[in-house]
Novice: 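To start, I am sharing the structure in question, which I have written as structure tokens.
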Amino acid sequence: MNLFADIKTLVLSALDAMVAEGVLPAGLNFANVAVEPPRDAAHGDMATNAAMVLAKPAKMKPRDIADALAAKLTDDPRIVTAEVAGPGFLNLRLDPALWLKLLPEILKLGADFGRSTIGQSRKVNVEFVSTNPTGPLHVGHARGAVFGDALASLLDFAGYIVTREYYINDGGAQVDVLARSVFERYREAMGLEPEIVEGLYPGDYLIELGKAVKERYGDSLIDQPESVWLADLREFSTDAMMDLIREDLAAIGVKMDVFFSEKSLYGTGLIEAAIGDLDSKGLIYQGTLPPPKGKLGEDWEPREQTLFRSTSHGDDVDRPIKKSDGGWTYFAPDIAYHYDKIQRGFDELIDVFGADHGGYVKRMKAAVSALSDGKVPLDIKLCQLVRLFKDGQPFKMSKRAGNFVLLRDVVDLVGRDVTRFVMLTRKNDAPLDFDLAKATEQSKDNPVFYVQYAHARVHSVLSKAGKPSDESLTGADLSLLTNPAEVSLIRKLAEWPRLLELAATHHEPHRIAFYLFDLASEFHALQHMGKLDPSLRFLRDDAPNCTTARLAMIRSVAVVISAGLGILGVTPRNEMR
RNA sequence: GCACCCGUAGCUCAGCUGGAUAGAGCGCUGCCCUCCGAAGGCAGAGGUCUCGCGUUCGAAUCGCGACGGGUGCACCA
């Protein structure tokens, strides 16, 4: 139930009627007609821009259209008044009962209130995290993980069929480096001095792995050349690292549907098939790239390579897909991987990358555009850096893993829910300052707490009232909810389905976090009013019917907070103590 | 040099497919607890939405150009 959508439908049908009656010319495009909550509550319940949008194409004055539309709309019992205002806005005041009917709806649907069908069961693949399996996840990865997971939940809620996917970069040179690093730790476990030379992974987390290698292979590898052990250790190590990564993901509440191995692409003909597909479209050729401008290419020399004509799909330069030794570049398996996703029948693809991969966006979009003939949209969301602070001071905790703070460290320090919520209180493409002290602080300065606190307060009031069931609350006489602050709160609840659809279409889960903060704010204000004016208290011994109505209202607040937090992957709390 | 992201209150940031008087938190000033959780609430001060030009009935939002900050720029992923 989306009131805004309902009223928009009403407006559109009124416009159709006006066309049929000759008031408006035929052939108008109503796509830009919107029905929105007004910025100022004094303007009414909803506003539509229809008259202004249509004035020019209809060659009429906005006011004339607005007047005619207003007359039409007030014929509907749901519209109490329709007033023309400002440059041509039509401010609508709705039958108050319409808002009130929302509450039993929320109580009945529970966490499903706001669920949408705009996704039309389209299959969408959300690829995120996708790190090299060479170590534990750090905070930067955590942001991508939380963002991707929340986005996936959001899309699911909006009616998409979602697959959460992790692309394991286990086919490149870094996993060889990992194997060599582990070999040194193996030597260490054997009582020898490890040589962690420049370029190897220095992290302590490999020490255990070295011991595990000793357990498994004894001293059989110790004097052997790399050619003997590299492949084995590579597999052994990447498997172990993926176990580690899976544990990290679990710690932050992320569960992938698919782990897709880059290595598995080799030898199956998939890369050849993907490149062949591009070749058949005339997008593969032998050529020489121009030198990059400005950045003086010290060691640059002209080189003929196999290139993908990505410029024909929006890229700036064509991209090499083969190295001069004949092997594939890293780009080729990536193309094949996305080719595979398309083959698997996804209608939409989303990749979540770190901001440092920004330069990679155009070529990847070009590849997907070419492979799918422009039919499968690829959206690439870049997550900016996370800067950690503690009490305002930059926070560095790098005992275990070189220069990075681990995801584990943060989760251990502030908890999964707090980590997730904080990561989502910023737009993905804005840098995030994460103060670990503030995140656990119990004050309004901390949005996590503030939202959870509202939920806990509702729970507290309901407990005092003897925990009435949602069924018993649906029968409340809601016409008793007449205070402007109450009406405003209910209106806020009515925005939830609309907000959700906007967040889903924009791929922006952070909007949910901000909405929940606003909702909590309205709730806190209302609860406080009860302190100033006892007649506004939720629980009134002298007016049981009013109490029931207010309980229905605040229970609805809790339901929506709970649903919103659920999408963000945060567990609502019933008490803060 | 090129590409992408960003530029909104003293600070950190929201701002919907372009809409009405640009919002929140922190900080600052002043209020509000015998009373459902004051871990809260209310009010005030604080703005040339970096700048310029353009599109439009209307621009923080769209386009172009500056300026400032971040990221990335051939056979590494």
Side-chain angles (χ1 to χ4, degrees), chain A residues 31-34 36-40 43 47 49 52-53 55-56 61-62 85-89 91 132 169 171-175 262 288-297 299-301 303 305-306 315-317 319-327 329-331 333-334 354-362 382 384-385 425-427 429-431 433 435 438 441-447 449-450 453-454 456-457 459-465 498-499 502-503 505-506 508 510-511 513-514 517-518 521 524-532 534 537-540 547 550 554 575-577:
Chain A
N32 289 326
V33 172
E36 306 169 314
R39 188 172 299 235
D40 189 337
H43 293 139
N49 61 355
M52 288 180 291
V53 171
K56 193 167 191 182
K61 290 179 185 167
F89 282 103
N91 289 330
N132 305 322
N169 280 281
Q174 341 78 308
V175 286
E262 174 192 352
T288 306
L289 291 173
K293 294 192 175 72
K295 194 183 178 186
L296 306 165
D299 55 348
W300 188 89
E301 55 189 45
R303 184 180 301 125
Q305 296 168 287
T306 304
D315 202 357
D316 304 311
V317 289
R319 306 290 175 176
I321 53 166
K322 272 193 179 175
K323 297 187 277 192
S324 53
D325 68 4
T329 65
Y330 61 90
F331 189 35
D334 280 349
D356 55 341
H357 285 64
Y360 201 56
V361 170
K362 283 191 178 180
L382 299 177
Q384 271 289 353
L385 301 175
T425 51
R426 203 103 309 172
K427 240 177 344 197
D429 53 8
D433 288 348
D435 192 308
K438 189 167 279 183
E441 189 176 287
Q442 305 205 327
S443 77
K444 189 171 184 178
D445 194 17
N446 176 7
F449 166 77
Y450 191 69
Y453 182 36
R457 273 179 139 182
H459 181 83
S460 173
V461 174
L462 288 169
S463 294
K464 277 208 165 48
R498 180 174 180 274
L499 176 113
L502 285 168
T505 53
H506 288 264
E508 291 183 342
H510 76 274
R511 294 187 190 212
F514 282 93
F517 184 86
D518 287 346
S521 175
H524 286 307
L526 186 56
Q527 176 157 45
H528 177 76
M529 289 173 76
K531 295 183 184 304
L532 306 176
R537 289 164 65 88
F538 300 136
L539 303 176
R540 289 180 60 193
T547 297
R550 286 176 179 165
I554 65 170
E575 50 186 44
M576 306 305 293
R577 297 179 218 277

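These numbers come from a predicted model, not from an experiment. Proteins come first, then strands; the chains are lettered A, B, ... in the order of their sequence lines, and each starts at number 1.
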Novice: Name the nucleic acid region contacted by A:Q527, choosing base, sugar-phosphate or nothing; use a 4.0 angstrom heavy-atom cut-off, strictly under.
Specialist: base

Novice: Select one nucleotide: of B:rC16, B:rG25, B:rU56, the one nearest the side-chain heavy atoms of A:R511.
Specialist: B:rC16

Novice: Could you tell me the separation between the CG atom of A:L499 and the P atom of B:rU17, rounded to a whole number of Å?
Specialist: 11 Å

Novice: Could you measure between the two C1' atoms, the one in B:rA20 and the one in B:rC13, and give it in whole Å?
Specialist: 24 Å

Novice: If you go through the side-chain atoms of A:H528, does one of them form a donor-acceptor pair with the base of B:rG40 closer than 3.5 Å?
Specialist: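 Counting by modelled atom types and ignoring angles, a donor-acceptor contact under 3.5 Å is found here.
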
Novice: Of the listed nucleotides (B:rG37, B:rC32, B:rC16), which one gets closest to any side-chain atom of A:R498?
Specialist: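 Nearest nucleotide to the side chain: B:rC16.
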
Novice: Look through every strand shown and name the nucleotide pairing with B:rU71 as Watson-Crick or G-U wobble, where both distances are under 3.5 Å.
Specialist: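 When the pairing criteria are applied, B:rA3 turns out to be the nucleotide that pairs with B:rU71.
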
Novice: If you only use heavy atoms from C-beta on, which nucleotide in B:rC4, B:rA14, B:rU17 is closest to the side chain of A:L502?
Specialist: B:rU17

Novice: Please determine if a side-chain N or O atom of A:K464 lies less than 4.0 Å away from the OP1 or OP2 oxygen of B:rC35.
Specialist: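 No, because none of the side-chain N or O atoms of A:K464 sits under 4.0 Å from OP1 or OP2 of B:rC35.
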
Novice: Return no unless some side-chain N or O of A:K531 is found under 4.0 Å from OP1 or OP2 of B:rC35.
Specialist: no

Novice: Under 4.0 Å, heavy atoms only, any strand: does A:A430 hit a base, just the sugar-phosphate, or nothing?
Specialist: sugar-phosphate

Novice: Taking the minimum atom-to-atom distance to the side chain of A:R457, which one of B:rG37, B:rC26, B:rU17 wins?
Specialist: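 When the side chain of A:R457 is considered, B:rG37 is the closest of B:rG37, B:rC26, B:rU17.
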
Novice: Under 4.0 angstrom, heavy atoms only, what part of the nucleic acid is A:Y450 near: base, sugar-phosphate, or nothing?
Specialist: sugar-phosphate

Novice: In terms of the nearest nucleotide of RNA chain B, which residue is placed more toward the 5' end: A:K444 or A:R537?
Specialist: A:R537

Novice: Mind telling me whether B:rC33 is syn or anti, cutoff 90° either side of 0?
Specialist: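 Syn, since the glycosidic angle lies within 90° of 0.
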
Novice: Could you please name the partner base of B:rG46, counting Watson-Crick and G-U wobble pairs only when both distances are under 3.5 Å?
Specialist: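 Paired with B:rG46, as far as the under-3.5 Å criterion goes, is no nucleotide at all.
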
Novice: Once the angle between the rings of A:F449 and A:Y453 is folded into 0 to 90°, is it parallel (under 30°), tilted (30 to 60°) or perpendicular (over 60°)?
Specialist: parallel

Novice: Give A:F517 one of three labels, base, sugar-phosphate or nothing, depending on what nucleic acid heavy atoms sit under 4.0 Å from its own.
Specialist: sugar-phosphate

Novice: Quiz question: going by heavy-atom distance under 3.5 Å, is there a donor-acceptor pair between the base of B:rA74 and the side chain of A:R303?
Specialist: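 Looking at the base of B:rA74, it does pair with a donor or acceptor on the side chain of A:R303 (distance under 3.5 Å).
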
Novice: Would you mind telling me which of B:rU56, B:rG40, B:rA20 lies closest to the side-chain atoms of A:Y453?
Specialist: B:rG40

Novice: Hey, is A:H43 doing a stacking thing with B:rA20, by the 5.5 Å centroid and 30° angle criteria?
Specialist: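 By the stated criterion, A:H43 and B:rA20 stack.
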
Novice: Starting the side chain at C-beta, find the nucleotide from B:rC16, B:rA14, B:rC36 nearest to A:H506.
Specialist: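 Nearest nucleotide to the side chain: B:rC16.
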
Novice: Donor-acceptor check, side chain of A:E262 to backbone of A:G171, threshold 3.5 angstrom: yes or no?
Specialist: yes

Novice: With a 4.0 Å cut-off on heavy atoms, is A:P37 in touch with a base, just the backbone sugar-phosphate, or nothing at all?
Specialist: nothing

Novice: Rounding to an integer number of angstrom, what distance separates B:rU8 and B:rU61 when you compare their P atoms?
Specialist: 13 Å

Novice: Looking only at N and O atoms, is any donor in the side chain of A:N91 or the base of B:rA20 less than 3.5 Å from an acceptor on the other one?
Specialist: yes

Novice: With rounding to whole Å, what would you report as the distance between B:rG63 and B:rA59 at their C1' atoms?
Specialist: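 Per the computed distance, 11 Å lies between those C1' atoms.
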
Novice: Give me the distance, rounded to whole Å, that separates B:rA77 from B:rA66 when you measure between the C1' atoms they each carry.
Specialist: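 It works out to 37 Å between them.
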
